[in-house]
Amino acid sequence: MQKCKIGIIGFGTVGKGIYRILNSQSSIHPILKEIEIVGIAVKNINKKRDIELENNLLTNNPFKLIDDPNIDVIVEVMGGIDIAKDIILKSLKAGKSVVTANKAVIARFGTEIYTTATKYGVYVLTEAAVCGGIPIIEPLKRSLRSNQINKMVGIINGTTNFILTKMTKEKADYKETLKLAQKLGFAEFDPTADVEGHDAADKISILTELAFGGKINRDSISTEGINQINIKDIEYANKLGFEIKLLAFSERSDINSNDSLSLNIWVGPSLIPKSHPLAAVEGVNNAILIEANPLGEIMLYGPGAGSGPTASSVVSDILNLHASLLKNSSSIDPLLSFNFWKDCHVIDFNQISKKNYLRIICLDTPGVIGKIGDLFGNNDVSIESIVQLDASENKAEIVVITHEVTNGKFEKSKKEISVLSEVELIASQLSCI
Ligand code: NDP
Ligand code: HSE
């Protein structure tokens with residue numbers, strides 16, 4: 001049988017996971033034995049590694065692998081943006097298909113990359129870029145293609161879910177838990193992308209383009225992370241019957257805009273009722289709920305980061321490529337490749353509609369809850385619940401949960417509440433589903 005010869009660029013958490021699967025002795029499908037690693041590029045060739053490699057396998061020049069005529073497929077698992085983008089594009093132009101786990105590059109340069117792949121008659125496969133080990137890209141491209149996707153909501157960053165779970169269950173310290181997530185190989189090289197929500201925004205951008213078929217502007221996604229989350233909010237949310245999770249949300253919006261499909265997309269820390277299936281997703285696990293027609297609702301769940309799970313997705317892409325190369329067909333498989341077919345746009349921040357949680361620190365004086373309620377009412381914001389949760393000395397903490405409302409109306413109310421003489425501070429604001 002013909003071999004599939006690959007060059008791997010990056011030999012860190014994910015690269016080593018790929019090597020382990022390809023060299024495993026377990027009873028995986030025999031096609032796995034047809035994958036041959038021809039070269040591995042790293043940054044520092046002299047670094048001490050816990051896997052011993054034959055000397056001639058390693059290089060510190062990724063472009064040597066791209067230029068090697070023996071290599072069919074380039075596997076980009078080095079991370080970063082500019083060099084990685086260059087590597088992906090050069091590989092495609094050299095007629096090599098690419099497998100990448102790099103959501104930052106795909107979310108920003110997907111159009112150029114998908115178009116180049118099609119032009120050169122090759123593929124770029126990205127299963128590992130979203131939700132680590134969960135098959136989500138392949139289902140969106142194939143198994144769900146007979147559906148109209150209406151909504152996706154999920155926990156799609158493992159590091160932040162790991163941190164929030166430990167803060168909730170063990171009252172763990174935020175900074176210490178982030179360090180642990182880095183040590184376990186879950187976090188990005190610069191974990192700011194994880195904790196500020198940008199990694200989740202990259203991923204929901206990729207999923208949205210695949211699900212709805214249109215190019216969207218990655219930078220227009222309203223994004224908040226978990227770096228401002230206070231342990232008090234976690235405690236209050238729990239008292240009120242909610243968990244706090246970093247959610248990514250993408251839905252068709254009914255706001256009309258000529259022929260372009262309007263999409264309501266955001267990423268932010270959110271209250272989820274404890275009875276909701278996403279509330280039970282703990283630790284490094286991810287889950288994504290997809291609402292589709294005529295299918296209905298499904299949830300995909302599993303490990304969202306880490307060496308083995310992410311490598312599982314990369315290797316499944318390599319196997320898919322090998323299977324398609326074996327067919328020896330000159331035409332591109334339209335479901336394995338991806339091209340846009342629709343015009344989509346992200347609605348403005350002020351038009352986004354959702355439920356909100358607000359924690360207000362104010363003077364414990366008669367009538368303050370009434371005043372806050374009136375201001376919301378005057379701005380057409382309907383309140384689901386308003387409670388005074390903690391009072392100490394002459395101060396009170398008031399927690400408000402609204403019904404679904406546009407950000408425009410909510411932000412206006414918040415501004416007016418913040419200048420009430422009784423209000424000391426708007427301590428926090430979260431989304432709710
Ligand atoms: P690591 O930091 O663990 O590994 C990066 C690897 O790339 C290292 O081997 C490094 O070399 C090599 N590298 C860096 N720069 C260069 C360069 N210029 N030329 C050649 N090699 C280079 O990263 P991860 O394995 O964690 O992540 C890799 C990618 O996978 C990222 O895009 C990440 O977002 C994505 N990903 C990661 C997941 C995870 O759980 N970790 C999950 C899903 C996606 P050296 O060893 O010499 O330093
Ligand atoms: N840093 C990412 C996460 C890796 O924690 O989810 C998986 O994409």
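The model shown is predicted, which means the values in this text are computed figures rather than measured ones. Both ligands and their constituent atoms are indexed starting at 1 by order of listing.
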Exercise. Based purely on interatomic distance, does Lys43 place a nitrogen or oxygen under 3.5 Å from a nitrogen or oxygen of ligand 1?
Worked result: yes
Exercise. For ligand 1, is there an N or O atom under 3.5 Å from any N or O atom of Gly304?
Worked result: no
Exercise. Do Ile288 and Val130 pass the side chain to side chain contact (heavy atoms under 4.5 Å, CB included) test, and can you show the C-alpha distance, the side-chain angles, and the key distance before you say yes or no?
Worked result: CA-CA 10 Å; Ile288 184 136; Val130 182; over 6 Å; no
Exercise. Which residue owns the protein heavy atom closest to atom 5 (O) of ligand 2, what's the atom, and how far is it?
Worked result: Thr159 OG1, 2.6 Å
Exercise. Is Ala101 touching ligand 1 with its side chain, its backbone, both, or neither, if touching means heavy atoms under 4.0 Å apart?
Worked result: both
Problem set entry | Shortest protein heavy-atom distance from atom 7 (C) of ligand 2, along with the residue and atom involved | Gly304 O, 3.3 Å
For this session: Say whether Asn230 and Ser428, considering side chains only, have a donor N or O and an acceptor N or O under 3.5 Å apart.
Result: no
Exercise. Numbering the atoms of ligand 1 from 1, which are under 4.0 Å from a heavy atom of Glu188?
Worked result: 33 (C), 34 (O)
For this session: Check whether any side-chain N or O of Asn60 sits under 3.5 Å from a backbone N or O of Lys43 as a donor-acceptor pair, and report yes or no.
Result: no
Exercise. Quick check: does Gly12 get an N/O under 3.5 Å from an N/O on ligand 1?
Worked result: yes
For this session: Check each atom of ligand 2 against the heavy atoms of Gly158 and keep those under 4.0 Å away; list them by number with element.
Result: 3 (C), 5 (O), 6 (O)
Exercise. Which atoms of ligand 2 have any heavy atom of Lys203 under 4.0 Å away?
Worked result: 2 (C), 3 (C), 6 (O), 7 (C), 8 (O)
Exercise. Which one holds for Ala129 and ligand 1: side chain close, backbone close, both close, or neither close, with close meaning a heavy atom under 4.0 Å?
Worked result: neither
Seminar exercise, completed: d(Thr59 OG1, Lys64 NZ) to nearest 0.5 Å is 4.5 Å
For this session: Without swapping roles, check the side chain of Arg218 against the backbone of Ile206 for a donor-acceptor pair under 3.5 Å.
Result: no
For this session: Any atoms of ligand 1 less than 4.0 Å from a non-hydrogen atom of Thr310? List them with their elements.
Result: 38 (C), 40 (O), 42 (C), 43 (C), 44 (C)
Exercise. Would Lys103 count as a contact of ligand 1 if the rule is a heavy atom under 4.0 Å away?
Worked result: yes
For this session: Give yes if a backbone or side-chain nitrogen or oxygen of Phe186 is under 3.5 Å from a nitrogen or oxygen of ligand 2, and no if not.
Result: yes
Seminar exercise, completed: atom 19 (N) of ligand 1 has as its nearest protein heavy atom Pro62 CG, 3.7 Å
Problem set entry | N or O pair under 3.5 Å between Phe11 and ligand 1 | yes
Exercise. Any salt bridge between Asp72 and Lys96, counting N to O under 4.0 Å?
Worked result: no
Problem set entry | Donor-acceptor pair, side chain of Asp348 and main chain of Asn350, under 3.5 angstrom | no
Exercise. Taking non-hydrogen atoms only, is Lys47 closer than 4.0 angstrom to ligand 1 via side chain, backbone, both or neither?
Worked result: side chain
For this session: May I ask you to identify the nearest protein heavy atom to atom 26 (O) of ligand 1, giving residue, atom name and distance to one decimal place in Å?
Result: Thr13 CB, 3.5 Å
For this session: Just go through Val105, Leu184, Val14, Asn46 and tell me whose heavy atom is the nearest to atom 25 (O) of ligand 1.
Result: Val14
Exercise. Any heavy atom of Gly132 sitting closer than 4.0 Å to ligand 1?
Worked result: no
Problem set entry | Interfacing atoms of ligand 1 (cut-off 4.0 Å, heavy-atom, Gly306) | 39 (C), 40 (O)
Exercise. Rounded to the nearest 0.5 Å, how far does CZ of Arg20 lie from CD1 of Ile51?
Worked result: 4.0 Å
For this session: Considering only non-hydrogen protein atoms, determine which one is nearest to atom 31 (C) of ligand 1 and report residue, atom name and distance to 0.1 Å.
Result: Gly79 CA, 3.6 Å
Exercise. Any salt bridge between Lys179 and Glu176, counting N to O under 4.0 Å?
Worked result: yes
Problem set entry | Under 3.5 Å: donor-acceptor pair, side chain of Asn407, backbone of Phe349 | yes
For this session: Quick one: look up the protein heavy atom nearest atom 46 (O) of ligand 1 and list residue, atom name and how far away it is.
Result: Arg49 NH1, 2.8 Å
Problem set entry | Spatial distance of atom CD1 (Ile74) from atom CZ (Phe63) [nearest 0.5 Å] | 10.0 Å
Problem set entry | Polar atom proximity, Asn60 to ligand 1 (N or O, under 3.5 Å) | no
For this session: Just jot down the ligand 2 atoms closer than 4.0 angstrom to any heavy atom of Asn157, in number order.
Result: 2 (C), 3 (C), 5 (O), 6 (O)
Exercise. For ligand 1, which atoms, with element, lie under 4.0 Å from some heavy atom of Ala305?
Worked result: 40 (O)
For this session: Please report which non-hydrogen protein atom sits nearest to atom 12 (C) of ligand 1, along with the residue it belongs to and the distance in Å to one decimal place.
Result: Gly10 CA, 3.8 Å
Exercise. Salt bridge check: are Asp219 and Arg108 linked by an N-O gap of less than 4.0 Å?
Worked result: no
For this session: Mark up the atoms of ligand 1 that fall under 4.0 Å of a heavy atom belonging to Gly185, in ascending order.
Result: 39 (C), 40 (O), 41 (N)
Problem set entry | Donor on one side chain, acceptor on other, Asn102 and Thr100, under 3.5 Å | no
Seminar exercise, completed: Quick note on ligand 2: atoms under 4.0 Å from a heavy atom of Lys103 include exactly 2 (C), 4 (C), 7 (C), 8 (O)
Exercise. Which value, rounded to the nearest 0.5 Å, describes the distance between Ile137 atom CD1 and Phe338 atom CZ?
Worked result: 9.5 Å
For this session: Determine whether any heavy atom of Gly132 lies closer than 4.0 Å to an atom of ligand 2.
Result: no
Exercise. Is Lys16 near ligand 1, meaning one of its heavy atoms is under 4.0 Å from it?
Worked result: no
Exercise. Do protein heavy atoms approach atom 2 (O) of ligand 1 to less than 4.0 Å?
Worked result: no
Exercise. Relative to ligand 2, is Asp194 under 4.0 angstrom through side chain, backbone, both or neither, heavy atoms considered?
Worked result: side chain
For this session: Write out the residue and atom name of the closest protein heavy atom to atom 18 (N) of ligand 1, then the distance separating them to 0.1 Å.
Result: Met78 CE, 3.8 Å
For this session: Look at atom 23 (O) of ligand 1 and say whether a protein heavy atom is found at less than 4.0 angstrom from it.
Result: no
Exercise. Parallel, tilted or perpendicular: which describes the rings of Tyr114 and Phe340, with under 30° parallel and over 60° perpendicular?
Worked result: perpendicular
Exercise. Is a side-chain donor or acceptor of Thr115 paired with a backbone partner of Thr111 at a separation under 3.5 angstrom?
Worked result: yes
Exercise. Hey, is ligand 2 close enough to Ala305 that some N/O pair sits below 3.5 Å?
Worked result: no
Exercise. For the side chain of Ser253 and the backbone of Leu263, is there at least one donor-acceptor N/O pair under 3.5 Å apart?
Worked result: no
Problem set entry | Electrostatic pair Lys90-Asp86, nearest N-O below 4.0 angstrom | yes
For this session: Starting at CD of Glu76, measure out to CD1 of Ile66 and round the result to the nearest 0.5 Å.
Result: 10.0 Å
Problem set entry | Protein contact to atom 47 (O) of ligand 1 [nearest heavy atom, distance to 0.1 Å] | Asn44 N, 2.7 Å
Exercise. At what distance, to the nearest 0.5 angstrom, does CG of Asn264 lie from CG of Asp254?
Worked result: 9.5 Å
Exercise. Looking only at N/O atoms, are Glu76 and ligand 1 under 3.5 Å apart anywhere?
Worked result: no
For this session: Any atoms of ligand 2 less than 4.0 Å from a non-hydrogen atom of Glu188? List them with their elements.
Result: 1 (N), 2 (C), 4 (C)
For this session: Provide the number and element of each atom of ligand 1 under 4.0 Å from a heavy atom of Ala128.
Result: 43 (C), 44 (C)
Exercise. Are any side-chain N or O atoms of Ser431 and backbone N or O atoms of Ser270, one a donor and one an acceptor, separated by less than 3.5 Å?
Worked result: no
